[in-house]
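Reviewing the structure listed below.
Being a predicted model, the structure only gives us computed values, none of them experimental. Computed from heavy atoms alone, side chains included, the values below leave out hydrogens, waters and symmetry copies.
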Amino acid sequence: MSEELKEEIIQEQNEESTIEEQVEEYVDPQKEAKEELEQETGIEFTQTLNKEDILEMNIFLVKHDSSAFVKRSFLVFVGILFIVMSIINKNNYYMIALGSVLVIYATVLYTLLRVVYVKKRISSNPPEPLEINVKIGSKHIKYQLAEETDSPIVAFSHVYKVVKNKEYLYLFINRFSIIVFKLDSIEQKEELLQLVKERYMPRKAYFEK
C-alpha cells in the first residue's frame, strides 16, 4: 500500500471520528426544554375546542390579520385618491363613485365578507372537536393534541403578542401560528392571566378586547 493511500485512509478515519464526536456533542434543545418543563409543577389542564370554539378562533384571526389591514389601508388610500383627483380636475366624475366603492369595501365589506366565508366553510364542513393537553411552565408551553405523544413545545420568548377577550386567551407566535386557551377550561385561570400579564404588559404586548 502506497504512502499516499495510507494518508488518505487515515484522513478519512479522522474525518469520520470528528463527525461522530460532533453528533455526540449535539444536544437537542427541544429535549432539554421538555425535560425542564416536565420537572416543573406548572399549570396543567385539558381543553376541548368544539366547532363553535374553532369558528370563533377563525373569526378572531380574520379580524386581527395584520396583512389584511395593510391591504385595506391601501384600498382606502386609492379610493380617496380617486375622489380627490376627480374633484380637483373637475372631470371623470365616475371616479368618485369608484373611489367610494373602494372605501366602503375596504372599511366595511372586506372583513364582513371574509367572516361570512369562514362561517359558511365551517358550517358546511364542521371540524371534529380537538382535545388538547396543555402544560405551562416558567419558560415553555406544551400544547399537544391528545393523540400526539411528542410534539414540539413553545418558548414564551417566541410569543410576540397576547390578546384576551371574555372567553379566550390568544398567544400569537407568528402570522400563521396561534395558541388558544379556552378560559373556562382552566381551574388556575387567574394564575395564568397573572403570568402572561407580568410577562407581556411591560412590553406593551398584552391586550384585552
Side-chain angles (χ1 to χ4, degrees), residues 43-83 97-136 141-148 151-154 156 158-190 192-193 195-197 200-201 204-209:
I43 300 172
E44 284 191 84
F45 60 93
T46 297
Q47 64 179 15
T48 301
L49 301 181
N50 55 33
K51 172 187 170 183
E52 288 73 24
D53 299 318
I54 295 171
L55 174 61
E56 288 298 322
M57 178 183 69
N58 279 274
I59 291 176
F60 178 86
L61 290 174
V62 166
K63 292 181 178 179
H64 292 79
D65 184 355
S66 57
S67 65
F69 176 77
V70 174
K71 294 174 186 175
R72 291 168 60 200
S73 299
F74 176 75
L75 291 174
V76 170
F77 171 77
V78 172
I80 292 174
L81 184 63
F82 284 173
I83 295 170
L98 179 57
S100 300
V101 169
L102 286 175
V103 171
I104 294 171
Y105 174 74
T107 56
V108 179
L109 297 178
Y110 185 89
T111 299
L112 180 61
L113 291 176
R114 291 184 69 192
V115 168
V116 170
Y117 169 75
V118 167
K119 288 182 177 180
K120 183 178 179 181
R121 178 168 57 84
I122 290 180
S123 177
S124 61
N125 187 23
E128 293 293 326
L130 301 176
E131 186 175 347
I132 302 170
N133 296 323
V134 181
K135 182 171 183 179
I136 303 166
I141 304 168
K142 181 181 79 173
Y143 195 80
Q144 181 174 280
L145 291 173
E147 60 266 24
E148 294 180 328
S151 61
I153 61 176
V154 177
F156 270 112
H158 293 161
V159 176
Y160 72 90
K161 182 174 72 172
V162 176
V163 179
K164 175 190 175 295
N165 62 20
K166 186 177 180 181
E167 298 179 331
Y168 305 97
L169 188 68
Y170 299 95
L171 279 63
F172 288 79
I173 302 169
N174 56 48
R175 180 185 165 194
F176 304 101
S177 300
I178 186 172
I179 289 176
V180 182
F181 293 142
K182 190 174 178 179
L183 293 176
D184 63 8
S185 300
I186 310 171
E187 290 186 8
Q188 296 168 283
K189 176 175 67 175
E190 295 305 323
L192 171 60
L193 292 176
L195 174 68
V196 296
K197 284 179 181 179
Y200 296 102
M201 284 185 77
K204 298 182 179 179
Y206 177 86
F207 306 90
E208 294 191 3
K209 301 292 183 182

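The shortest non-hydrogen separation linking S185 to T46 is CB-O, 4.2 Å. When every heavy atom of Q188 is checked against every heavy atom of E44, the shortest pair comes out as OE1-N, 4.0 Å. Looking at every heavy atom in both residues, G99 comes nearest to F82 through CA-CB, 4.0 Å. The heavy-atom pair separating P127 from I54 by the smallest distance is CG-CD1, 3.7 Å. Minimum interatomic distance between S151 and Y143 (heavy atoms only, all atoms of both residues): OG-O, 4.2 Å. Closest non-hydrogen pair, M57 versus V180, comes out as SD-CG2, 3.3 Å.
In this structure, CD1 on I83 lies 8.5 Å from CG on L102, to the nearest 0.5 angstrom. Note that NZ of K142 is 12.0 Å distant from CD1 of I132, once rounded to the nearest 0.5 Å. How far CZ of F60 is from CG of L55: 14.0 Å, rounded to the nearest 0.5 Å. The OH atom of Y170 lies 12.0 Å from the NZ atom of K161; values are rounded to the nearest 0.5 Å. With values rounded to the nearest 0.5 angstrom, R72 atom CZ is found 10.5 Å from L109 atom CG. K166 NZ to D184 CG: the interatomic distance, rounded to the nearest 0.5 Å, is 11.0 Å.
More than 12 heavy atoms of other shown residues, nucleotides or ligands fall within 6.0 angstrom of atom CZ in F207. More than 12 heavy atoms of other residues, nucleotides or ligands lie within 6.0 Å of CD in E147, so this atom counts as buried by the packing criterion. Atom CD of E148 is surrounded by more than 12 heavy atoms from other residues, nucleotides or ligands within 6.0 Å.
Applying the salt bridge (Lys or Arg N to Asp or Glu O under 4.0 Å) rule to K197 yields the partners E208; only residues at least two apart in sequence or on another chain are considered. Shown here are the ring pair (Phe, Tyr, Trp, His ring centres under 6.0 Å) partners of Y105, two or more places apart in sequence or in another chain: Y110.
With contacts defined as side-chain heavy-atom distances shorter than 4.5 Å, the pair F74/V78 qualifies. Taking the side chain as every heavy atom from C-beta outward, I141 and L171 approach each other to under 4.5 Å. Considering only heavy atoms from C-beta on, K189 stays 4.5 Å or farther from L169 through its side chain.
Side-chain N or O atoms of E187 include none that pairs as donor or acceptor with a backbone N or O of F45 at under 3.5 Å.
Aromatic ring orientation, Y200 versus F156: tilted (interplanar angle from 30° to 60°).
Screening residues 48-64 for side chain to side chain donor-acceptor pair (under 3.5 Å), with sequence neighbours left out, gives D53-Y168, D53-K182.
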